[in-house]
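What follows is one structure encoded as structure tokens, with my remarks underneath.
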There are 2 protein chains.
Amino acid sequence: MNLKELSAKLNLSQTTVSRALNGYPEVKEETRRRVLDAAERYNYLPNARAKGLATGRSHAIGHVIPISSKHEMVNPIFGDFIAGAGETYSKCGYEMLISVVEDEQAEEAYRSLKRRGVVDGVIVHGPRQDDPRIPLLQDLDLPFVVHGRASGLAPDYSWLDVNNRRSFQRATEFLLDLGHRRIALLNGLEAMDFAARRRAGYELALTERGINPDPGFEISGEMTEAMGYRGALELLDRPMPPTAFLVSSMISALGVRRALEERGLRMGADVSVITHDDALSYFTTGADVPLFTSTRSSVRDAGRQVAQMLIDRISMPDAPPQQVLLEAELMVGRSTGPAPAD
Amino acid sequence: MNLKELSAKLNLSQTTVSRALNGYPEVKEETRRRVLDAAERYNYLPNARAKGLATGRSHAIGHVIPISSKHEMVNPIFGDFIAGAGETYSKCGYEMLISVVEDEQAEEAYRSLKRRGVVDGVIVHGPRQDDPRIPLLQDLDLPFVVHGRASGLAPDYSWLDVNNRRSFQRATEFLLDLGHRRIALLNGLEAMDFAARRRAGYELALTERGINPDPGFEISGEMTEAMGYRGALELLDRPMPPTAFLVSSMISALGVRRALEERGLRMGADVSVITHDDALSYFTTGADVPLFTSTRSSVRDAGRQVAQMLIDRISMPDAPPQQVLLEAELMVGRSTGPAPAD
DNA sequence: CTGAAATCTCAAAGCGTTTTAAAATCTGCC
DNA sequence: GGCAGATTTTAAAACGCTTTGAGATTTCAG
């Protein structure tokens with residue numbers, strides 16, 4: 001059933017039917033009812049491609065996910081973020097389009113999405129410092145919102161980020177208050193903007209208390225379980241091991257816990273651990289006291305908001321870019337305690 | 001730059017240019033070269049909507065992800081599966097479209113995708129027994145491939161599944177061979193087809209060795225960390241606790257480990273654990289002996305294959321449905337050992 | 001009644017492709 | 001030089017919608 005057939009059935013022109021369906025004012029209320037009823041009855045929905053061709057918009061939003069061929073890593077955060085964004089899209093009548101591409105082809109992917117008119121805008125994931133995608137997208141004139149930020153670039157674009165510097169500063173201060181002096185940082189890849197900000201917060205807290213950050217206590221890498229495990233073991237086996245770990249992801253924190261267990265150390269007593277917690281749905285521990293003390297910020301909620309920001313931006317292209325900074329919550333769990341006496 | 005402008009620049013008709021670009025034989029080789037060069041130079045790519053409208057296909061594949069409003073869970077497997085499928089789509093020039101919808105709206109989502117012509121086919125995720133989506137899609141005449149299977153339905157549709165019954169049977173036998181007699185099963189939600197098959201395999205192995213499956217040793221639920229933790233604690237606190245756990249997901253297995261640790265039990269010595277491992281990229285433990293003994297099957301690889309099956313199906317609609325059954329590998333790690341003497 | 005304003009409806013032109021049916025151009029052979 | 005047949009190119013018609021500009025019809029003040 002297409003528009004032509006539907007209007008024939010109703011003895012109306014395609015124009016009138018189209019207007020009735022799209023809520024234009026110049027159609028009598030009774031006619032509109034009749035059209036809406038018939039559309040419902042005949043199960044009519046406008047063809048998306050034809051509509052898109054006529055209106056020049058696709059009502060779709062792209063997410064380009066670069067996969068490095070070296071470390072076939074899918075960010076564990078991805079699923080929850082997508083779920084959040086997807087909720088918003090469903091609500092607003094947008095489609096979500098995901099392109100999984102090799103790292104080096106990301107730029108070409110954006111160009112292609114734009115030129116072929118496949119999407120009305122894109123979300124930028126995992127920004128690095130001076131991320132080249134941002135000027136590229138500005139140049140392409142393709143609306144976008146960044147999940148995160150890219151230091152080093154003019155801030156004239158829309159983004160939503162967690163206050164990473166602040167939250168890691170607070171977490172470090174919390175450990176310092178508990179008497180810890182040797183605090184290790186297991187961070188994400190240095191190139192990622194969020195990792196740099198977290199490190200800055202960590203180092204700031206230390207220097208403000210007169211402690212010189214020890215580069216040997218800072219490890220960064222892909223945030224896997226194994227990275228947490230190996231990183232922790234390596235540091236624990238030093239002559240002067242850390243008494244506390246600040247970890248950038250829940251998954252790596254699980255690796256740290258495994259390392260502690262293996263060395264016969266009790267988490268929260270012998271060694272303290274704070275992790276960043278993206279509130280992933282499959283890691284929620286229910287109502288009781290959480291296992292890990294953490295800086296907590298729901299990535300799903302971020303997805304919801306980022307999607308909404310982009311939709312707003314598409315519908316009002318001339319509005320100034322919007323920036324949102326979320327504060328992470330410090331949740332005290334059972335993985336932290338006073339520093340053991342030396 | 002559109003086709004009209006491009007052909008004007010070349011002093012050719014749109015037809016010729018279109019044919020040259022799409023590899024039709026009735027165009028002189030020299031002309032084709034000229035066209036291809038110009039397309040490259042002027043950065044021309046055909047508008048996807050217009051092309052779709054003309055050809056009647058969207059070159060997009062839909063994934064409907066139902067989110068239950070009760071337990072806002074995103075399957076942790078999702079990310080890796082999508083990454084695998086996305087690789088195939090990129091290679092074959094398809095777009096991937098994801099719809100996140102409330103559980104009850106899944107049916108309407110499929111109908112809408114079909115009627116609006118948004119996708120050429122869909123992947124069905126997480127099938128249940130007698131899953132109503134399968135007859136629905138057959139009825140809608142929308143090509144689909146199921147990741148998993150739905151027992152109870154005529155098998156005249158395409159699917160790719162892991163041999164869940166067999167792999168859990170083997171895992172159970174492995175534990176029996178190690179002398180375990182009280183083996184608990186921490187399974188996924190009973191309604192899920194894969195969970196039923198795993199249970200069948202587990203019970204089959206037990207009965208074949210003359211052991212009556214104890215329903216009290218079977219727990220099923222959403223496969224979170226907390227579920228593994230609580231389930232294990234509950235069973236461990238019985239007068240006759242299990243000496244081994246068979247767990248349906250890596251994440252829940254981490255919860256089991258936490259429970260063991262809390263009760264002062266050594267995994268692999270006091271209590272054995274086998275988990276199913278979907279080879280999620282962020283849980284790979286590198287080259288060393290894996291922490292968990294597991295039944296292993298890469299869900300990412302499944303994604304790649306399922307996507308290819310669907311693309312094949314779309315291009316050859318009259319070919320008979322295809323079925324693929326993958327065997328999981330039993331990988332022995334450090335979480336299993338001989339049953340302790342009573 | 002009349003004529004202007006307000007309301008409703010319509011035919012037709014676009015959106016950027018593919019594809020059909022037909023026309024133009026070439027090739028080789030008598 | 002002319003003609004059949006093959007090769008290459010073309011104009012125009014879809015595809016299914018929105019939107020423009022204009023034509024009907026109704027309403028109502030004067």
Side-chain angles (χ1 to χ4, degrees), chain A residues 1-36 38-39 42-60 93-95 112-120 315, chain B residues 1-36 38-39 42-60 93-95 112-120 315:
Chain A
M1 170 70 56
N2 60 23
L3 188 59
K4 197 169 175 178
E5 290 161 25
L6 182 65
S7 22
K9 285 230 192 282
L10 284 161
N11 271 325
L12 288 174
S13 75
Q14 298 191 32
T15 314
T16 308
V17 176
S18 168
R19 287 205 163 131
L21 291 172
N22 291 311
Y24 280 66
E26 52 273 83
V27 50
K28 191 161 37 173
E29 210 34 61
E30 184 215 319
T31 313
R32 188 191 308 281
R33 267 262 68 74
R34 218 157 59 85
V35 170
L36 254 38
Y42 295 116
N43 236 334
Y44 170 80
L45 278 184
N47 179 293
R49 293 188 296 269
K51 187 166 184 156
L53 185 55
T55 57
R57 21 194 60 263
S58 61
H59 263 254
Y94 273 79
E95 306 295 338
S112 161
L113 286 178
K114 165 73 181 184
R115 289 211 314 255
R116 295 181 304 141
V118 177
V119 300
D120 293 339
S315 55
Chain B
M1 171 70 57
N2 60 22
L3 188 59
K4 196 168 176 179
E5 291 161 24
L6 182 64
S7 22
K9 285 231 192 282
L10 284 161
N11 270 327
L12 288 173
S13 76
Q14 298 191 33
T15 314
T16 308
V17 176
S18 169
R19 286 199 165 136
L21 291 171
N22 290 310
Y24 280 65
E26 53 271 82
V27 50
K28 191 159 41 172
E29 211 35 61
E30 184 216 320
T31 313
R32 187 191 309 280
R33 268 260 68 74
R34 217 156 60 84
V35 170
L36 254 39
Y42 294 115
N43 236 332
Y44 170 80
L45 278 185
N47 178 294
R49 292 188 296 269
K51 187 167 185 155
L53 184 56
T55 57
R57 18 194 62 265
S58 61
H59 264 252
Y94 273 78
E95 306 294 340
S112 161
L113 287 179
K114 165 73 182 184
R115 289 211 313 256
R116 295 182 302 142
V118 177
V119 300
D120 293 339
S315 55

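Residue numbers begin at 1 in each chain, while the letters A, B, ... track the order of the sequences. Predicted model only: the values in this text are computed from it and were never measured.
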- Determine whether the side chains of Ser18(A) and Thr15(A) contain a donor N or O and an acceptor N or O closer than 3.5 Å. no

- Query: Asn22(A) side chain N/O closer than 4.0 Å to the phosphate oxygens (OP1, OP2) of dT18(D)?
  - Reply: yes

- Rounded off to whole Å, could you give me the OH-to-P distance for the Tyr24(A) and dT20(D) pair? 8 Å

- Between Ser18(B) and dT18(C), does any side-chain N or O lie under 4.0 Å from OP1 or OP2? yes

- From NZ of Lys51(B) across to C1' of dC15(C) the rounded distance in Å is 17 Å

- Polar pair under 3.5 Å, donor/acceptor by atom type, side chain Arg19(B), base dT10(D): yes

- Item | Glu95(B) with Arg116(A): basic N within carboxylate O range, under 4.0 Å | yes

- Contact check, residues 6-16 of chain A vs DNA chain D, heavy-atom distance under 4.0 Å, returns Gln14(A), Thr15(A)

- Message: Could you report the tightest heavy-atom contact between Ser7(B) and Val17(B), atom names first, then the distance?
- Response: CB-CG2, 3.6 Å

- Task: For the residue pair Arg115(B) and Asn47(A), establish whether any side-chain heavy-atom pair is separated by less than 4.5 Å.
- Result: no

- Task: Take the protein atom CG of Asn47(B) and the nucleotide atom C1' of dC17(D), then report the distance between them rounded to whole Å.
- Result: 14 Å

- Give the rounded distance in Å between these two atoms: CZ of Arg49(B) and C1' of dT18(D). 13 Å

- Message: Output the rounded distance in Å from CG (Leu53(A)) to P (dT18(C)).
- Response: 12 Å

- Task: Examine distances only and state if a side-chain atom of Arg49(B) and a backbone atom of Arg49(A) form a donor-acceptor pair shorter than 3.5 Å.
- Result: no

- Lys28(B) side chain: which of dT8(D), dT18(C), dC15(C) is closest? dT8(D)

- Task: Evaluate the side-chain proximity of Arg19(A) to Gln14(A): yes if any heavy-atom separation is below 4.5 Å, no if none is.
- Result: no

- Side-chain N or O of Tyr44(B) closer than 4.0 Å to phosphate OP1/OP2 of dG16(C): no

- Message: If we ignore hydrogens and angles and just use 3.5 Å, is the side chain of Thr55(B) paired with the main-chain N or O of Lys51(B) as donor and acceptor?
- Response: yes

- Task: Please round to 10 degrees the angle between the axis of the first five pairs and the axis of the last five pairs in the helix from dC1(C)-dG30(D) to dC30(C)-dG1(D).
- Result: 60°

- For dT9(C), does either OP1 or OP2 sit under 4.0 Å from a side-chain N or O belonging to Thr31(A)? yes

- Would you please name every residue forming a side-chain contact (heavy atoms from CB on, under 4.5 Å) with Tyr42(A), sequence neighbours left out? Met1(A), Leu6(A), Lys9(A), Ala38(A)

- Atom NE2 of His59(B) to atom P of dT17(C): distance rounded to whole Å? 15 Å

- Query: Taking OP1 and OP2 of dC17(D), is either one under 4.0 Å from a side-chain nitrogen or oxygen of Lys4(A)?
  - Reply: no

- Spacing of Leu3(A) atom CG relative to dC10(C) atom P, expressed in whole Å: 12 Å

- Would a 4.5 Å heavy-atom cut-off, applied to side chains only, mark Leu45(A) and Ser112(B) as touching? yes

- Task: Would you kindly give the CG-to-P distance between Leu45(B) and dG16(C), to the nearest whole Å?
- Result: 15 Å

- Message: Counting only side-chain heavy atoms from C-beta out, which of dC17(D), dT8(D), dT9(C) sits nearest to Glu26(B)?
- Response: dT8(D)

- Item | N/O donor-acceptor pair under 3.5 Å between Arg32(A) side chain and Tyr24(A) backbone | yes

